[in-house]
Every structure is written in C-alpha cells, then in structure tokens.
Engineer: 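Below is one structure. I have some questions about it.
We number each residue from 1, following the sequence as shown.
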Amino acid sequence: MSQSTLYERLGGHDGIRAVVDDFYDRLLEDDLVGPLFEDADLERLRKTQTDFLCEAAGGPETYDAAPVEEAHSHVPFTEAHIERAVEHLQDSLDAYDVPESDAQAVVGAVASYRAELLANGDDD
C-alpha cells in the first residue's frame with residue numbers, strides 16, 4: 001500500500017476547505033481576533049487560505065495571492081492574536097479528526113509565517 005500525501009489524508013481540496021471554513025467561523029466568533037476581520041473579504045480569505053494549505057500539503061492548488069507580509073500589512077497582529085488563531089486552527093483540525101502528526105504539519109505550515117504576520121503588529 002502506498003503512503004498517501006498529507007493533502008490526501010486531509011481529504012483533498014474539499015476536506016481542507018471544510019477545516020478552513022470551520023477555522024474562519026471560530027476566528028469570527030472570537031472576541032480577540034474577530035474584530036480584525038470586520039472589513040475583510042471573507043470569501044477571498046477562505047479561498048486563499050485553502051489554496052495555501054492545499055499547496056503546503058502537496059496538493060495541486062497554487063497559493064498565488066500577495067506575499068504574506070504584504071497581504072497582512074494593514075492588520076495589527078500581536079502575539080496574542082497569533083496564539084489564539086493557532087488554538088482555533090488546532091480546534092478546527094480536531095473537529096475534523098485530523099491525526100496529531102498531520103495537524104502539527106498544518107499548524108507548522110501556518111506558524112512558519114509568524115514573523116511576517118507580526119511585521120506590522122507588536123514588532124513595529
């Protein structure tokens with residue numbers, strides 16, 4: 001039996017999109033991070049996050065949005081925002097029964113952009 005890719009184990013595009021939708025629903029309901037998304041184009045964010053995670057997981061989708069720091073230049077993220085978002089991402093992955101090792105790979109892909117996300121927040 002051949003080893004499946006992370007992309008396949010996450011359920012491909014549809015599985016990843018389901019996790020992303022759950023993740024954004026959690027972010028929006030959160031009193032700390034929700035206000036950061038008040039004026040956001042949520043459908044675009046859900047699509048680009050899905051594409052990003054699909055590509056990071058080895059899928060055929062391509063993340064072709066602006067570089068992370070540029071795309072988030074108007075958002076004053078702090079460490080507290082990042083930590084809360086990571087908690088929500090982990091909760092979303094748990095809700096879809098993603099195995100721990102795969103969940104850590106997803107979180108790691110997102111966490112690798114921590115400095116870029118904080119560039120316009122509390123690191124100024």
Side-chain angles (χ1 to χ4, degrees):
M1 184 169 111
S2 66
Q3 177 101 11
S4 61
T5 66
L6 177 59
Y7 178 78
E8 293 166 335
R9 292 191 304 274
L10 292 171
H13 181 275
D14 291 344
I16 292 170
R17 177 60 190 243
V19 169
V20 167
D21 284 341
D22 185 84
F23 171 60
Y24 274 97
D25 290 347
R26 290 170 191 269
L27 290 175
L28 294 171
E29 292 174 7
D30 187 278
D31 291 337
L32 177 65
V33 294
L36 295 174
F37 296 93
E38 283 179 356
D39 297 323
D41 178 347
L42 292 169
E43 183 51 38
R44 184 181 58 78
L45 288 175
R46 291 171 192 260
K47 181 194 180 316
T48 57
Q49 186 68 39
T50 299
D51 289 346
F52 169 78
L53 290 176
C54 284
E55 182 178 311
E61 293 80 2
T62 302
Y63 175 77
D64 61 359
V68 173
E69 185 173 346
E70 180 184 327
H72 297 85
S73 64
H74 65 287
V75 184
F77 285 119
T78 65
E79 281 289 343
H81 293 125
I82 301 299
E83 291 302 319
R84 183 72 58 84
V86 167
E87 290 171 13
H88 288 309
L89 179 57
Q90 290 172 326
D91 290 343
S92 294
L93 292 162
D94 287 345
Y96 282 86
D97 298 319
V98 174
E100 182 64 26
S101 61
D102 289 343
Q104 288 307 310
V106 172
V107 170
V110 173
S112 69
Y113 289 93
R114 177 181 232 105
E116 289 89 341
L117 291 169
L118 290 171
N120 299 293
D122 66 0
D123 283 354
D124 277 346

Engineer: CZ of Phe23 to OH of Tyr96: how many Å apart, nearest 0.5 Å?
Structural biologist: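 If we round to the nearest 0.5 Å, Phe23:CZ and Tyr96:OH are 13.5 Å apart.
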
Engineer: Go through it in stages, so that I can follow the logic: the residues are Val106 and Leu53, the test is side chain to side chain contact (heavy atoms under 4.5 Å, CB included), and I'd like the CA-CA distance, side-chain angles, deciding distance and then a yes or no.
Structural biologist: CA-CA 7 Å; Val106 172; Leu53 290 176; 3.9 Å; yes

Engineer: Evaluate the side-chain proximity of Leu42 to Leu45: yes if any heavy-atom separation is below 4.5 Å, no if none is.
Structural biologist: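 Yes - at least one pair of side-chain heavy atoms lies under 4.5 Å apart.
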
Engineer: Heavy-atom distance under 4.5 Å between the side chains of Val98 and Leu10, does that happen here?
Structural biologist: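 Yes - at least one pair of side-chain heavy atoms lies under 4.5 Å apart.
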
Engineer: So do the side chains of His88 and Asp22 get within less than 4.5 Å of each other, counting heavy atoms only?
Structural biologist: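 Not in contact.
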
Engineer: How long is the straight-line distance from CD of Glu55 back to CD1 of Ile16, given to the nearest 0.5 Å?
Structural biologist: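 Spacing of CD1 (Ile16) from CD (Glu55) equals 11.0 Å.
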
Engineer: Can you establish whether the number of heavy atoms outside Asp39 located under 6.0 Å from its atom CG is more than 12?
Structural biologist: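 Count not over threshold, so no.
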
Engineer: For Glu61 and Tyr7, test the side chains for any donor-to-acceptor distance below 3.5 angstrom and give the result as yes or no.
Structural biologist: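 A pair is found: one side chain offers a donor N or O, the other an acceptor, under 3.5 Å apart.
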
Engineer: Has the side chain of Arg9 got a donor or acceptor atom that lies under 3.5 Å from a matching backbone atom of Ser4?
Structural biologist: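 Judged by distance alone, yes, a pair lies under 3.5 Å.
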
Engineer: Determine the minimum heavy-atom distance between Ala109 and Ser112, stating which atoms define it.
Structural biologist: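 Heavy atoms only, the tightest pair is O-OG, 2.8 Å.
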
Engineer: Under the 3.5 angstrom rule, does the side chain of Gln104 hit a backbone N or O of Ser101 as a donor-acceptor pair?
Structural biologist: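 Not confirmed, Gln104 side chain does not pair with Ser101 backbone.
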
Engineer: Let me see the working for His81 and Val86 under side chain to side chain contact (heavy atoms under 4.5 Å, CB included), right down to the final yes or no.
Structural biologist: CA-CA 9 Å; His81 293 125; Val86 167; over 6 Å; no

Engineer: Enter the distance from Gln90:CD to Leu93:CG here, rounded to the nearest 0.5 Å.
Structural biologist: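 Between atom CD of Gln90 and atom CG of Leu93 there are 7.5 Å.
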
Engineer: Under a 4.5 Å cut-off applied to non-hydrogen side-chain atoms, are Arg26 and Glu87 in contact?
Structural biologist: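 Heavy-atom side-chain distance check fails, nothing below 4.5 Å.
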
Engineer: Could you give the distance from CD1 (Ile82) to CZ (Arg114), rounded to the nearest 0.5 Å?
Structural biologist: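 Rounded to the nearest 0.5 Å, the CD1-CZ separation comes out at 6.5 Å.
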
Engineer: Atom OG in Ser92, atom CG in Leu27: separation rounded to 0.5 Å?
Structural biologist: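 These two atoms lie 7.5 Å from each other.
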
Engineer: Can you confirm whether Val33 sits close enough to Phe77 that some side-chain heavy atom of one is under 4.5 Å from a side-chain heavy atom of the other?
Structural biologist: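 Val33 vs Phe77: side chains apart.
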
Engineer: First locate atom NZ of Lys47, then atom OH of Tyr63, and finally report the distance between them rounded to the nearest 0.5 Å.
Structural biologist: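 It is 10.5 Å, given to the nearest 0.5 Å.
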
Engineer: Using a 4.5 Å cut-off on heavy atoms from C-beta on, say whether the side chain of Asp21 contacts that of Arg17.
Structural biologist: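 SC-SC contact between Arg17 and Asp21 confirmed.
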
